[in-house]
Amino acid sequence: MIVLANDGISEKGIQLLKEADITVLDARVSAEHLSNFINENNVDVLLVRSATQVRKNLIDECPNLKIIGRGGVGMDNIDVDYAIDKGIYIINTPKASCKSVAELVFAHFFSLARFLHESNRLMPLEGDTKFNTLKKSFNNATELSGKTLGVIGMGNIGLEVIKIGISLGMSIVAYNRTPKTENVKISFFDGQSLHFEIKSVNLDEVLKKSDFISINISNTEEYFIDNEQIARMKEGVFIANTARGGVLNEVALIDAIERGKVAGAALDVFENEPNPEIEILMNPALSLSPHIGGNTLEAQNRIAEELAEQIIKIKDEL
């Protein structure tokens with residue numbers, strides 16, 4: 001069996017696959033050459049992350065593909081149903097990067113709450129001449145402890161966000177499209193653990209009560225957070241979107257920031273990815289990252305290991 005990891009795979013995954021007598025091609029092939037590369041190299045398994053698109057035409061052009069794997073949660077870049085109809089196995093790693101994404105949410109929240117995103121921009125430029133002015137301009141910071149965290153989407157990532165929020169002493173209100181109750185377990189270094197029952201509430205309650213809102217839902221056909229939803233939020237709310245570009249209306253967000261409705265926002269995903277709008281990139285109230293939610297060494301190793309284990313299992317069944 002031959003595997004093409006077109007968006008990369010960690011050494012841990014490569015090692016596991018090689019031990020199972022599976023060949024790994026850790027290449028980066030452009031979209032226009034991908035089908036030819038797959039066919040010429042007799043590739044059985046195509047592994048991707050968010051960069052490579054696996055659409056119907058590619059699936060049709062590569063009749064020998066047996067498995068398509070996505071390193072991560074969302075499958076938006078793969079025509080999943082079409083591939084399944086063609087008899088192709090579809091695998092992903094829904095839990096592997098959850099902790100990494102959740103930690104990024106709070107990295108952004110802390111950055112926004114303490115103006116670190118703007119301070120890091122301005123200190124190299126003006127720190128030697130306007131030190132006291134900058135110090136004064138950043139004196140309206142806020143703490144997360146004691147605030148209300150709203151979590152939109154109680155999937156694997158959302159639950160990790162909730163855990164961190166509880167650990168920081170935040171109150172939690174959470175929304176899920178399908179109402180649910182989750183028992184959240186927080187484990188500590190000494191072996192002790194605490195359990196918290198989190199019951200979903202309606203979206204309106206999350207919007208009205210939250211000081212910080214984390215968006216953690218899958219892709220939607222229309223904006224999930226638009227002008228109407230923002231209007232129901234608290235004045236001075238902070239928002240983080242690490243889910244999908246297009247879930248949050250970026251034009252409505254910029255307008256709300258300019259009006260003071262939203263104090264700041266964090267975006268790891270963008271509507272026009274990988275070419276975010278210049279208004280987004282230049283706005284000082286935004287903390288930005290280039291879709292790096294799952295890009296930690298730990299997450300990449302977990303992703304690779306989970307993909308490898310699934311591939312090996314399927315190989316043994318074929």
Side-chain angles (χ1 to χ4, degrees), residues 1-101 155-157 160 218-219 244 269 273-274 290-318:
M1 180 172 276
I2 299 175
V3 174
L4 169 62
N6 203 51
D7 294 336
I9 186 172
S10 77
E11 284 297 322
K12 176 68 172 178
I14 293 174
Q15 179 184 341
L16 289 172
L17 291 169
K18 285 183 176 179
E19 289 173 356
D21 294 323
I22 296 173
T23 301
V24 181
L25 306 176
D26 187 8
R28 303 292 191 279
V29 185
S30 62
E32 59 267 28
H33 298 120
L34 187 54
S35 60
N36 285 337
F37 185 93
I38 290 171
N39 293 328
E40 290 173 3
N41 290 276
N42 299 312
V43 172
D44 304 286
V45 182
L46 174 61
L47 299 182
V48 303
R49 293 207 62 199
S50 58
T52 300
Q53 301 291 311
V54 187
R55 300 305 177 196
K56 294 177 181 179
N57 62 314
L58 179 65
I59 294 168
D60 287 336
E61 292 166 5
C62 304
N64 294 322
L65 271 181
K66 299 178 181 66
I67 305 172
I68 298 172
R70 164 71 160 90
V73 183
M75 307 283 274
D76 323 347
N77 56 324
I78 301 172
D79 285 333
V80 173
D81 292 338
Y82 189 77
I84 292 174
D85 288 342
K86 292 286 185 177
I88 298 174
Y89 288 88
I90 301 295
I91 59 176
N92 70 337
T93 59
K95 294 185 178 181
S97 59
C98 295
K99 291 181 185 295
S100 296
V101 177
N156 294 316
I157 295 173
E160 291 295 332
S218 57
N219 203 25
R244 287 289 178 271
V269 291
E273 195 170 316
H291 204 154
I292 58 170
N295 287 10
T296 63
L297 295 174
E298 295 84 355
Q300 293 310 303
N301 283 331
R302 287 192 296 265
I303 286 171
E305 188 171 354
E306 287 186 25
L307 287 173
E309 289 172 351
Q310 292 179 75
I311 291 167
I312 293 167
K313 182 179 178 181
I314 294 172
K315 173 179 175 280
D316 293 340
E317 295 173 352
L318 291 174

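Keep in mind that this is a model prediction, so the values were computed, not measured. Heavy atoms only: backbone and side chains are in, while hydrogens, waters and symmetry mates are out.
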Point-to-point distance, once rounded to the nearest 0.5 Å, from [atom1] of [X] to [atom2] of [Y]:
X: S50; Y: N295; atom1: OG; atom2: CG; answer: 8.0 Å
X: I9; Y: L25; atom1: CD1; atom2: CG; answer: 11.5 Å
X: K313; Y: Y89; atom1: NZ; atom2: OH; answer: 10.5 Å
X: T23; Y: L4; atom1: OG1; atom2: CG; answer: 12.0 Å
X: N64; Y: D44; atom1: CG; atom2: CG; answer: 7.5 Å
X: D60; Y: N57; atom1: CG; atom2: CG; answer: 7.5 Å

For the residue pair [X] and [Y], establish whether any side-chain heavy-atom pair is separated by less than 4.5 Å.
X: K315; Y: I67; result: no
X: E306; Y: I91; result: no
X: L16; Y: I311; result: no
X: F37; Y: N6; result: no
X: L46; Y: L58; result: yes
X: P63; Y: N39; result: yes
X: V48; Y: I78; result: yes

Problem set entry | side-chain contact (heavy atoms from CB on, under 4.5 Å) evaluation trace for K66 with V45 | CA-CA 6 Å; K66 299 178 181 66; V45 182; 5.6 Å; no
Closest heavy-atom pair and its distance - [X], [Y]:
X: D26; Y: G8; result: OD1-CA, 3.6 Å
X: G13; Y: A308; result: O-CB, 4.0 Å
X: N92; Y: G72; result: CB-O, 3.6 Å
X: S97; Y: I303; result: CB-CD1, 4.3 Å
X: M75; Y: R244; result: N-NH2, 4.4 Å
X: A96; Y: R302; result: O-NE, 2.7 Å

Exercise. Could you walk me through whether L65 and I59 pass the side-chain contact (heavy atoms from CB on, under 4.5 Å) check?
Worked result: CA-CA 8 Å; L65 271 181; I59 294 168; 5.7 Å; no
Would you find a donor on one side and an acceptor on the other, under 3.5 Å apart, between the side chain of [X] and the backbone of [Y]?
X: Q310; Y: I90; value: no
X: N77; Y: R49; value: yes
X: N42; Y: I2; value: no

For this session: Apply side-chain contact (heavy atoms from CB on, under 4.5 Å) to H291 and E273, showing your working.
Result: CA-CA 9 Å; H291 204 154; E273 195 170 316; 2.5 Å; yes
Problem set entry | Verdict with reasoning, N156 to V73, per side-chain contact (heavy atoms from CB on, under 4.5 Å) | CA-CA 9 Å; N156 294 316; V73 183; 6.0 Å; no
For this session: Take E61 and S35 through the test side-chain hydrogen bond (donor to acceptor under 3.5 Å, both in side chains) and record every step on the way to the result.
Result: CA-CA 6 Å; E61 292 166 5; S35 60; 3.0 Å; yes
Exercise. Step by step, would you call E19 with Q15 a side-chain hydrogen bond (donor to acceptor under 3.5 Å, both in side chains)?
Worked result: CA-CA 6 Å; E19 289 173 356; Q15 179 184 341; 3.2 Å; yes
